[in-house]
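A note on names: the letters A, B, ... follow the listed sequences, proteins ahead of strands, and every chain is numbered from 1. Treat the numbers as computed from the prediction; the structure is a model and nothing was measured.
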There are 2 protein chains.
Amino acid sequence: MGQQEVPELCGRGRELVRDVLERVGDKWSVVVICQLGDATRRFNELRRLCEPITQRMLSATLHGLERDGVVTRTVFDTKPVRVDYALTPRGLSLLEVVLGLAWWAERNAAEIQRDRDLFDAR
Amino acid sequence: MGQQEVPELCGRGRELVRDVLERVGDKWSVVVICQLGDATRRFNELRRLCEPITQRMLSATLHGLERDGVVTRTVFDTKPVRVDYALTPRGLSLLEVVLGLAWWAERNAAEIQRDRDLFDAR
DNA sequence: CGGGATCCGAAACGATACTG
DNA sequence: CAGTATCGTTTCGGATCCCG
């Protein structure tokens, strides 16, 4: 496995790719996506699940994800109003690769924390 | 695939996981990791490959990756000095999941860009 | 060549208050 | 219930200068 196939992160395509990666890179998108993985959620429900996210950041994150076609936003005209969020097919495919990241992080978190402490003890 | 297994991003483990994810989420780590995927690189070599990264950010990014045990830093006591960077086994395993992300971004970048334009046209 | 130190503007984020 | 608006703080990142 010495030779890896590296995507076109080198040329002009990199800008686009980085652009997309920055959404996943922000503070809350991955958490929100994971919480939408197994079910449709309402706003405040999502908020509890993603604690301690602020109302402002959840709103902003969802807005960005909707803009990217990763989640859908459905408004029910009841009173009080009700809004459902769910992953689109694109969001579902994103979830899969994001879960790869999350699992890696989970598997390695403890050892990385240890290495960090060792590294900082200097 | 309606039922997804979601990792423990909910409990106390989430802090650790998010902590780890934030490294991948910063502006340059993914690019640097990908460029280290197929070979050991020297500092300025890496700098050219990651253009337009600044010296400061490349230095900071590598420092963080070294701290997390993702890259090794090897100093050769020649003149002028020479420093090699390479992925550790942990870094190699991270590369694999990161490539998953990069490929997804590459595959979806064009359509996402289109959706963004549509969304913004309101 | 491979950095570190400093400064500064921009962007992200949190807290709080208010609204349909 | 599901947001928006405003504000202040913190963090990030680029530019520049310096050094072994």
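- Under the side chain to side chain donor-acceptor pair (under 3.5 Å) criterion, Arg23(A) pairs with Asp68(A), sequence neighbours left out.
- Residue-level contact check: Tyr85(A) touches the backbone only, with heavy atoms under 4.0 Å from sugar-phosphate atoms and none from bases.
- Legend: ring-ring contact (aromatic ring centres under 6.0 Å, His included) pairs involving residues 47-67 of chain A, not counting sequence neighbours, sorted by first then second residue: His63(A)-Phe119(B).
- A donor-acceptor pair is defined here as one N or O able to donate and one able to accept, closer than 3.5 Å; such a pair exists between the side chain of Asp26(A) and the backbone of Ser29(A).
- In this structure, a donor-acceptor pair under 3.5 Å is present between the side chains of Arg73(A) and Tyr85(A).
- A salt bridge links Arg90(B) with Glu111(A); the closest basic N to acidic carboxylate O contact falls under 4.0 Å.
- Between the Glu45(A) side chain and the Arg42(A) main chain, a donor and an acceptor come within less than 3.5 Å of each other.
- An end-to-end axis angle of 50° holds for the helix from dC1(C)-dG20(D) to dG20(C)-dC1(D), taken from five base pairs per end and rounded to 10°.
- None of Asp115(B), Asp117(B), Asp120(B) except one satisfies the salt bridge (Lys or Arg N to Asp or Glu O under 4.0 Å) rule with Arg67(A); the exception is Asp120(B).
- The backbone N or O of Gln55(B) sits nowhere less than 3.5 Å from a side-chain atom of Ser59(B) that would complete a donor-acceptor pair.
- A donor-acceptor pair under 3.5 Å is formed between the side chain of Thr88(B) and the backbone N or O of Val70(B).
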Counting primed atoms, P, OP1 and OP2 as sugar-phosphate and everything else as base, the B/S/- map of nucleotides 8-20 of chain C against protein heavy atoms under 4.0 Å is -----BBB-B---

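- Proximity of Arg73(B) to the phosphate of dG3(C): a side-chain N or O atom is located under 4.0 Å from OP1 or OP2.
- Between Thr78(B) and the phosphate of dC1(C), there is no side-chain N or O to OP1/OP2 separation shorter than 4.0 Å.
- Contact between the side-chain N/O atoms of Arg82(B) and the OP1/OP2 oxygens of dG2(C) is not found at any separation under 4.0 Å.
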N/O donor-acceptor pairs under 3.5 Å from side chains in residues 76-84 of chain B, not counting sequence neighbours:
| residue | atom | partner | partner atom | Å |
| --- | --- | --- | --- | --- |
| Thr78(B) | OG1 | Pro80(B) | O | 2.9 |
| Arg82(B) | NE | Asp84(B) | OD1 | 3.2 |
| Arg82(B) | NH2 | Asp84(B) | OD2 | 3.1 |

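- On the nucleic acid side, DNA chain D contacts chain B at distances under 4.0 Å to non-hydrogen atoms, with the end points of that region at dG13(D) to dA15(D).
- Note that CD1 of Ile33(A) and CD of Gln35(A) are 11.5 Å apart. Values are rounded to the nearest 0.5 Å.
- Separating the CG atom of Asp77(B) from the P atom of dG3(C) is a distance of 13 Å, rounded to the nearest angstrom.
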